[in-house]
Amino acid sequence: MTTARLPLFPLNSVLFPGLVLPLNVFEERYRAMMRELLKTADEEPRRFAVVAIRDGREVAPTEPGMPDPTTVVARGPAAGFGPDPVQAFHRVGCVADAATVRERPDGGFEVLATGTTRVRLLSVDASGPFLTAELEELPEEPGDGAAALAEGVLRAFRSYQQRLAGARERSMATGAELPDDPSVVSYLVAAAAILDTPAKQRLLQAPDTATRLREELKLLRAETAVLRHLPSLPAVELTRQPTNPN
């Protein structure tokens, strides 16, 4: 199994392969990470790993809080993640390739990255200016019946989209506009569905594409049934999530 050591960017959200990830980077530990990534040659990928936070804060507190205003604020790459950072994160994450890293005049960065490959988190190193991790690449196995399941998921997803859009007469995505590769379908639907982080994490770490698609089919049917009784909601763009402040 292929392993690699990469910078680690924990978020309060799940990144999937194929998902576009905008980042607004302002904390020093992540600024240091971006400065390091900019040292990579232009023709090489600027890779870092994203993991969802299980227990901790995406942004470290910068001021003493209540009830004790004298509390010393933790600093450093593992701030907010406890004495053993690896325990604060879900163990399956995704490698991101930063296509754009733009430094602002204030020293922060605007980053646009794309998820590429699932990885398992083996260990976390907090000895440098930012977290790094030893990671094991996870293969994407198709599983049994993935192609047929993908067709069912796309049908269920269109119905779910219609309910989210709140207007059946609105122009919806057609089959020609959606992928037919089962693994791509599984990740796009997982990214676009409005689910909490634990549910998205379960989809990310599914053992194969077919298992992920089966779970999505159940979730989409359940969510669509709920949406029938709710007011209109905005439609969701498939491959992009809101900008994450580190």
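All residue numbers in this chain count up from 1 along the given sequence. What's counted below: heavy atoms across the whole structure, side chains too, no hydrogens, waters or symmetry copies.
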ask   = If you look only at pairs with a residue in residues 85-136, which of them pass as a ring pair (Phe, Tyr, Trp, His ring centres under 6.0 Å), with sequence neighbours excluded?
value = Phe81-Phe89
ask   = Hey, what do you get for CE (Met34) to CD (Glu110), rounding to the nearest 0.5 Å?
value = 12.5 Å
key: Side-chain heavy-atom pair Val25, Phe9 within 4.5 angstrom cut-off   = yes
key: Residue Arg221 excluded, over 12 heavy atoms near CZ under 6.0 Å   = no
message = Minimum heavy-atom separation for Leu15 and Ala96, please, with both atom names.
response = CD2-CB, 3.8 Å
request  = Identify the residue among Thr132, Leu131, Val86 that makes a side chain to side chain contact (heavy atoms under 4.5 Å, CB included) with Asp125.
outcome  = Thr132
ask   = Which atom pair, heavy atoms only, marks the closest approach of Ala147 to Pro182?
value = CA-CG, 3.9 Å
query = With Thr114, which residues qualify under side chain to side chain donor-acceptor pair (under 3.5 Å), at least two apart?
reply = none
remark   = Glu44 meets the side chain to side chain contact (heavy atoms under 4.5 Å, CB included) criterion, sequence neighbours left out, with Thr40, Ala41
Please tabulate, one pair per line, all N/O donor-acceptor pairs under 3.5 Å involving side-chain atoms of residues 184-203, not counting sequence neighbours.
| unit_1 | atom_1 | unit_2 | atom_2 | d |
| --- | --- | --- | --- | --- |
| Ser186 | OG | Ser183 | O | 2.7 |
| Ser186 | OG | Arg212 | NH1 | 3.1 |
| Tyr187 | OH | Arg118 | NE | 3.2 |
| Tyr187 | OH | Glu140 | OE1 | 2.5 |
| Tyr187 | OH | Arg212 | NH2 | 3.3 |
| Asp196 | OD1 | Ala199 | N | 2.9 |
| Lys200 | NZ | Ala190 | O | 2.6 |
| Lys200 | NZ | Ala191 | O | 3.0 |
| Lys200 | NZ | Ala193 | O | 2.9 |
| Gln201 | NE2 | Val92 | O | 2.9 |
| Gln201 | NE2 | Gln205 | OE1 | 3.0 |

query = Do you know the tightest heavy-atom contact between Arg29 and Ala78?
reply = NH1-C, 3.9 Å
message = Ignoring hydrogens, what is the shortest heavy-atom contact between Leu135 and Ala49? Give both atom names and the distance.
response = CD1-CB, 3.5 Å
inquiry  = Just verifying a value: how many Å separate Leu217 CG and Leu154 CG, rounded to the nearest 0.5 Å?
reply    = 10.5 Å
task = Just jot down the side chain to side chain donor-acceptor pair (under 3.5 Å) partners of Arg91, sequence neighbours excluded, or say none.
result = none
message = Going by the rule side chain to side chain contact (heavy atoms under 4.5 Å, CB included), which residues pair with Arg155 if we only count those two or more places apart in sequence or in a different chain?
response = Glu151, Arg158
query = side chain to side chain donor-acceptor pair (under 3.5 Å) with Glu141: which residues, sequence neighbours excluded?
reply = none
request  = Please check if Leu38 and Phe48 belong to a single hydrophobic cluster, counting links between Ile, Leu, Val, Met, Phe, Trp and Tyr side chain heavy atoms closer than 4.5 Å.
outcome  = yes
query = Just wondering, do Leu21 and Leu19 contact through their side chains at under 4.5 Å, heavy atoms?
reply = no
remark   = Residues passing the salt bridge (Lys or Arg N to Asp or Glu O under 4.0 Å) test with Glu103, sequence neighbours excluded, are none
inquiry  = Can you confirm whether Asn24 is buried at CG, in the sense that more than 12 heavy atoms of other residues, nucleotides or ligands lie under 6.0 Å from that atom?
reply    = yes
task = Applying salt bridge (Lys or Arg N to Asp or Glu O under 4.0 Å), name anything that partners Asp84, two or more places apart in sequence or on another chain.
result = none
inquiry  = For Arg5, I'd like to know if atom CZ has over 12 heavy atoms of other residues, nucleotides or ligands within 6.0 Å.
reply    = yes
request  = Would you please name every residue forming a side chain to side chain contact (heavy atoms under 4.5 Å, CB included) with Ala210, sequence neighbours left out?
outcome  = Ala146, Leu149, Asp208, Arg214
task = Can you sort out the partners of Arg31 under side chain to side chain donor-acceptor pair (under 3.5 Å), two or more places apart, ordered by chain and number?
result = none
query = More than 12 foreign heavy atoms under 6.0 Å from CZ of Arg47: is that the case here?
reply = no
query = Are Leu112 and Pro22 close enough that some pair of their side-chain heavy atoms sits under 4.5 Å apart?
reply = yes
key: Smallest separation among heavy atoms of Pro17 and Leu204, with atom names   = CD-CD1, 4.2 Å
task = Search all heavy atoms of Ala98 against all heavy atoms of Ala113 and return the closest pair with its distance.
result = CA-CB, 3.8 Å
query = Sequence neighbours excluded, which residues qualify as side chain to side chain contact (heavy atoms under 4.5 Å, CB included) partners of Asp42?
reply = Arg46
